[in-house]
Structures are given as C-alpha cells and as structure tokens.
2 protein chains.
Amino acid sequence: MEHTPKPPPSGNASLEKGLALFNLIARDRGQTPLKELAAGLALPRSTLYRLINTLEGTGMITRLEHRRYDIGLPLAEALHGITPAGQLARLCRPALRQLASTCGATAHLGVMENDMVTYLVKESAPSVPAALSISVENTQLEAYCSGIGKVLLAWLPEAERARYLAGGPFVALTSRTITDPRQLRETLKTVKAEQFARDDGEIAEDLYCLAVPLLTGDQSVSAAISLTFTHARQKKHDDATYLAKLRACAARLSRASLANIQH
Amino acid sequence: MEHTPKPPPSGNASLEKGLALFNLIARDRGQTPLKELAAGLALPRSTLYRLINTLEGTGMITRLEHRRYDIGLPLAEALHGITPAGQLARLCRPALRQLASTCGATAHLGVMENDMVTYLVKESAPSVPAALSISVENTQLEAYCSGIGKVLLAWLPEAERARYLAGGPFVALTSRTITDPRQLRETLKTVKAEQFARDDGEIAEDLYCLAVPLLTGDQSVSAAISLTFTHARQKKHDDATYLAKLRACAARLSRASLANIQH
DNA sequence: TCCATAGTCCCATTATATGGGACTAATTTG
DNA sequence: CAAATTAGTCCCATATAATGGGACTATGGA
C-alpha cells in the first residue's frame, strides 16, 4: 500500500484518511460534488466509498442528494451549541485555574470581538476575595484599558489597529487610564516589543494586571491571558516572577491547541 | 483480530472504531475520564491511544487536561453555527423542491418548537405565484390551524397533547378554523388514524393543504411535510394523487436520514 | 431510451492495524 | 518528597483487515 511521509507519533492511517474526507465534507457543506472534493485525496473509488459508507453509517455525514454530502444529523445534534469560543474556554480553563491558584491571583482569558474584549474565562485562587467584580465571564469590556485588551490590540494587523485608534473616544475609567490615541499607540508599540502588557490601575484604581498573548503557529494572536492582583498584594513580588508563570502557561496552551488550527 | 457481527454494506472497521470513540468523547464533553469512556469499546490500550492520536492530530478532539478529551477547536470552528434544524432543512430541501415542482404547489417542512410550528423549508414550484405569504422560513405559526401543525400534534405523546389542548385559546384565523379544544382533539384522532392531515381554509380562506409526518425508525415523529394549494387549483385533482406523492417523499426522507438518529 | 457517472461488490495481495508487553511520563498518595 | 499508580508511548511479530483493479448495477440527465 502506501507509506505516510510523516509518521510523528503512532497513528492509524485508515482513520486519518476517513477524517480527512470528513473534514472536506464538513467545510464544504455539500456544495461540491464528491468527486471533485475527493480528488485531492487521491483515493481509489473503492476505498473512497468504503470510507463514505462508514462515515454515513456512524452519522458523521448524510447524503444530501446525488453526489452531495453534508454533516450528519446525529452529529449536528451532538455538537449543537458548541462554539469556537466555548471550546477555547473549556480547553484553557484548567490551566488558568492552576495558574491563578499558584499565583494567588485571578486569571483571565479574553478574545477580541468587534473592538471589545470578551472574557471567556475567569478563574480566581481560593484565597482571592470575591472582589474583581469588573469582569464577568462572557461579557465585554473596552479594550484600551485592560491588559488583555492591550495585548490583543498590539498584535492586531497595523490597519486594524489604526482603525481602532481612530475610533475613539477613549473614556477615562480612572485617573491613570490612557485616553490619548497617540499615547495609546506608543504604549501598544511597547507591548509588542516587550511581549506583554501591564495595566496599572487604568481600569480600576486598585487593580494591577499583567497580560501575555496566546500565539498560534504563525505568530498571530487570537487570545490573551492575564493575571490580576490588587495593588496591595502585588507589592510583595516583582513582575518577572509572574510574567514567567504567565508565559509558561501561555506556551503550554498555545502548543496544546491553538497551534493546530490549520484551515 | 475480530469480526464484525453485522457487515451490511462495505465499510472500514478502523474508521468505525475511531468514530465510535469520537462519538463518545463528543457526547461526554470531557466529563468522564478516557478510561471509563473507552471501557465499552473493549479496545487494547495500544489501539485506543493510536486512535486518540489521530483523532487529535486531525483536530477532531483536544486534550483538555489529564485523561480528559473534548471536541477539537478546528472542528468547533468548522461546525460553528450548525444546528440540528439547519441540517434537517438542508437535508430535506432538495426533495421538497422536487415535490413542489412536480405537484405545481408549495411544499413545507416544519417541526414543533414550544407549541408552535417552525417552518424550516418552504419551496414553491416555479409556476406558483408569489402568494402564500403566510409562511416564511424560520418563523413560527400556531400549530392548531395548519396541516403540519395538526400532524405534529397528532403524533405527540398523549400527555403532551392534552397539555397543548388545555392551553388554548385557539383563535380563529378564518371562519373554518377549529377553535374548540374538543373538536380539535377529535380531528387529531382522525389525523393519526388516517396518517395525514388536511387544512381546508383554516389558516387563510383560499388555502388548501395536505400534510404527512416524517416517521423515524421507532415510529415517533419529529417533523412533517406538507403541500399547499390555492383552492382554485386544487379542484383539478383529488387528494389521493397528492397524498401518494407526499408519502413517497416522506418515506424517502425518513429512510434517508431520520432513521439513523440513534442516540 | 440510451449514456454517463455514481455507487456497490468481489477477490487476491500485502500493506497495515493489531495487541501483548516493556518502558517513560505524569499524577496521586502516604 | 519518595513510592505507587495510572496515563500515554513505543516496539515488533503476526495475520487481519484495508487495499485497489475492475466488473457490475443503479441512478439521473438528455
């Protein structure tokens, strides 16, 4: 038969072929006739249909009409309500919980959604008081004044960032909030250079926060994580300690999952 | 190795095992440790992890934390926004379009959603004028006065139907709308007995409609399809002709997809 | 009705999945 | 913090089960 050019960890070639086929169908949603779709796979007809049969038999796909296939109903039901954001949250939560715990702080995971930061995960160490009411999971906050927001802005494509900066106004939440677009632009430049962002009481007087990006394989960024402390607590240690932990966590998460988002 | 007790059409055993595993994971969402989950599959550890690896490698699943697996991010993205209802619509549309075309009428597919009928598909023959504005895809209508609604009500479990009937009031949309719960109950009994429902101007004076259920393997019903005519047109033929076509279409659709919703 | 293409079936060949068990890594426990 | 447990990986001989060429049948379009 054939030999896979890349056998990294042990796997199952048949399964792989079948899933490759499934992926094509799942992305195409029945627009392209099977023949064309499967052309790239270079499978003999015999094998191709064997795979199709099993895929259909297990409910992964359904025959739409002649030569058209789409995701199966059973699969749709099983996966109903699953969103990329939801998955990201599920995936990252354990690591963030641990991070928060070992740092005795609150950890967040956030993504950018139309110029606002959406907090997907918020995990606090047991020792952290109920404070930190500013953030709630699945709600949005302005990007310009939070650590996560600044990271996400800093890694945005230049054009996007320019558009954002031009879109003000940037309302001051505390006396330290950066409200001048030019100053914000400079800050973001530093963030990118130093690979982390700091929020020193810009969102609430007594909060201090460090944030780093979750880098994907191609160095783009789709999410960021942060550690938030009250000022009082932070004095005990310096940034370096926490940054190291943050980065370790980010690296782990990036490697674990984001890296393999190949479209 | 082992032999499958039931080899109906030709398939691929490896793929099947892999997908079985995937299905377990997809339904469990990382709640149960892998070991327990896979217990039912009776796979040797070696094989199990080989499958897990390719599943993960293709983005179908992700490692949440130790011994926990969940749907992969890439899959979540690919499938984002896919709903069971949407899938049902996609699956049935071609057949309904053809049905409408050969009958020179309008075909609908509807499901019950909290006591209302949601129309998932509306397909009209080219010859049908733009009329029939009463129904719009993805909008809801009362169940008691439409053909599809009556079918869905008729196949509801007894308790559910009783609750619905007690829930009135049933507003009259035309002079023929059935508004008396008792009369409605009798009508539904007839519908179940005759295996089809008729709507003779109960929703709009000039509309005539025939509806039949989409039966699943266990004879339960989750959806129904209908043919709608204007009164003028209907005079030409009798119900039997259209009912036959409707039932043929329903049988085809049931066989094609609904049958294999095994949870 | 005929043609083209989708989809199924058969079967000999051997590539490839299998699974037992040793081994390493990560966790949990004492 | 070390020991014990369990998760996950790797190896390899074996033969099962995937492969693919090609004949065959169903289906849909013209």
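Below, all heavy atoms of this structure are taken into account, side chains as well, without hydrogens, waters or symmetry copies. Within every chain, numbering begins at 1; the chains are lettered A, B, ... in the order of the sequence lines, protein sequences first and strands thereafter.
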Q: Decide yes or no for B:Ile71 and B:Met60: does some side-chain heavy atom of the first lie under 4.5 Å from some side-chain heavy atom of the second?
A: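 Answer no - side chains too far apart.
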Any [X] side-chain nitrogen or oxygen under 4.0 Å from OP1 or OP2 of [N]:
{"X": "B:Asn12", "N": "C:dA17", "result": "no"}
{"X": "B:Lys17", "N": "C:dT18", "result": "yes"}
{"X": "A:Tyr69", "N": "C:dG7", "result": "yes"}

Please report, rounded to the nearest Å, how far the [atom2] atom of [N] is from the [atom1] atom of [X].
{"X": "A:Leu43", "N": "C:dG7", "atom1": "CG", "atom2": "P", "value": "15 Å"}
{"X": "A:Tyr49", "N": "C:dC9", "atom1": "OH", "atom2": "C1'", "value": "14 Å"}
{"X": "A:Asn53", "N": "C:dA6", "atom1": "CG", "atom2": "P", "value": "15 Å"}
{"X": "B:Ile52", "N": "D:dT6", "atom1": "CD1", "atom2": "P", "value": "19 Å"}
{"X": "B:Glu16", "N": "D:dA17", "atom1": "CD", "atom2": "P", "value": "12 Å"}
{"X": "B:Arg50", "N": "D:dT9", "atom1": "CZ", "atom2": "P", "value": "12 Å"}
{"X": "B:Leu15", "N": "C:dT16", "atom1": "CG", "atom2": "P", "value": "15 Å"}
{"X": "A:Glu36", "N": "C:dA6", "atom1": "CD", "atom2": "C1'", "value": "14 Å"}

Q: Work out which heavy atom in B:Ala100 is nearest to a heavy atom in B:Ala125; give both atom names and the distance.
A: O-CB, 3.2 Å
Q) Sequence neighbours excluded, which residues qualify as ring pair (Phe, Tyr, Trp, His ring centres under 6.0 Å) partners of A:Tyr119? A)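 Checked A:Tyr119 against ring pair (Phe, Tyr, Trp, His ring centres under 6.0 Å); matches are A:His108.
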Please enumerate all residues that pass side chain to side chain contact (heavy atoms under 4.5 Å, CB included) together with [X], with sequence neighbours excluded.
{"X": "A:Ala76", "result": "B:Ile82, B:Gln87"}
{"X": "B:Ser101", "result": "B:Pro126"}
{"X": "B:Asp199", "result": "B:Glu202, B:Ile203, B:Cys209"}
{"X": "A:Asp28", "result": "A:Gln31, A:Thr32, A:Leu37"}

Q: Would you mind telling me which of D:dT19, C:dG19, C:dG7 lies closest to the side-chain atoms of A:Thr47?
A: D:dT19
Q. What string of B, S and - do you get for nucleotides 22-30 of chain D 5' to 3' if you count protein non-hydrogen atoms under 4.0 Å?
A. BB----S--
